[in-house]
Amino acid sequence: MREERPIIALDFPSFEQVKAFLGLFPSDESLYVKVGMELYYAVGPEMITYIKNLGHSIFLDLKLHDIPNTVESAMRVLAGLGVDMTNVHAAGGVEMMRAAKAGLGEEIKLLAVTQLTSTSEEQMQEYQNIQSSLRDSVLHYAQKTYEAGLDGVVCSAQEAAAIKQATAPDFICLTPGIRPQGAAVGDQKRVVTPGDAYQIGSDYIVVGRPITQAADPVTAYRTIYKEWNNKIQSP
Ligand code: C5P
């Protein structure tokens, strides 16, 4: 299940910026990119068509969460765009997740977000009124996601081993919050290096600013690629 290409988070606000960024790479190189809410809502489905036509793989990160029927219909539309992977909130329930999978079909990977990494344990207990540890809630949602027949979850690298133990070894753990040694952490709180993610057993890593904001994005991507594939050690 492991994907060799680090997924590049295309957190840009406009089509022009995406075009300029992707234009830095050799035209015959297939990348794996993540399109999130900002870009998708700003540009629309044409953004997906454009990226697909360049031969890249796409993780569409829209985190759907609604009644099962609405999510199923929306997923049918997203499947028609030709994305490779997308996601929902596990909080929507097993029925919603099953409906999402039915709408999307078997070919496209479907992940669930458990607890957002911006949610603290205190917030979860107070606001969501969940009386367990954050880690237990993440594991609970991961098990429910597995039960619903989804392919995996978005999680922090620190949680990957426990999630696989609670579900199955081939249950996908996609991990953001990746920073090469010495890189700016930005607003990420708990970060791991690409080499750590490899050791921990992540299946996919998502990397944004260390590549998109680098002086030389292609070189930054190549370095992270090597480290993620265990071809160089973390310094
Ligand atoms: O720039 P950076 O590498 O921090 O970008 C990480 C990407 O992954 C962003 O698009 C962010 O929204 C996303 N993400 C995250 N943490 C999560 C889920 C998604 O950083 N738990």
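Every number for a ligand or one of its atoms is a count from 1 in the order of the listing. The first residue in the sequence is number 1, and the count goes up from there.
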Worksheet entry | Within-4.5 Å side-chain heavy-atom neighbours: Y32 and P6 | no

Please tabulate, line by line, the atom pairs linking an N/O of ligand 1 to a protein N/O at a distance below 3.5 Å, with the distance in Å to 0.1, or answer 'none'.
| residue | atom | partner | partner atom | Å |
| --- | --- | --- | --- | --- |
| ligand 1 | 1 (O) | R209 | N | 2.7 |
| ligand 1 | 1 (O) | R209 | NE | 2.7 |
| ligand 1 | 3 (O) | R179 | NH1 | 2.9 |
| ligand 1 | 3 (O) | G208 | N | 2.8 |
| ligand 1 | 4 (O) | R179 | NH2 | 2.7 |
| ligand 1 | 4 (O) | Q188 | NE2 | 2.9 |
| ligand 1 | 4 (O) | R209 | NH2 | 2.8 |
| ligand 1 | 10 (O) | D11 | OD1 | 3.4 |
| ligand 1 | 10 (O) | D11 | OD2 | 2.7 |
| ligand 1 | 10 (O) | K34 | NZ | 2.9 |
| ligand 1 | 20 (O) | Q188 | NE2 | 2.7 |
| ligand 1 | 21 (N) | T117 | OG1 | 2.8 |

Worksheet entry | Mutual orientation of the aromatic rings belonging to F21 and F12 [parallel < 30°, tilted 30-60°, perpendicular > 60°] | tilted

Worksheet item: Have Q128 and Q115 got a donor and an acceptor in their side chains that come within less than 3.5 Å?
Response: yes

Item to complete: Assess whether atom CD of Q123 is packed by more than 12 heavy atoms of other residues, nucleotides or ligands within 6.0 Å.
Response: yes

Worksheet item: Is there a side-chain contact between R209 and I211, using heavy atoms and a 4.5 Å cut-off?
Response: no

Worksheet item: For the side chain to side chain contact (heavy atoms under 4.5 Å, CB included) test, which of L62, I51, D11 pairs with V35?
Response: I51

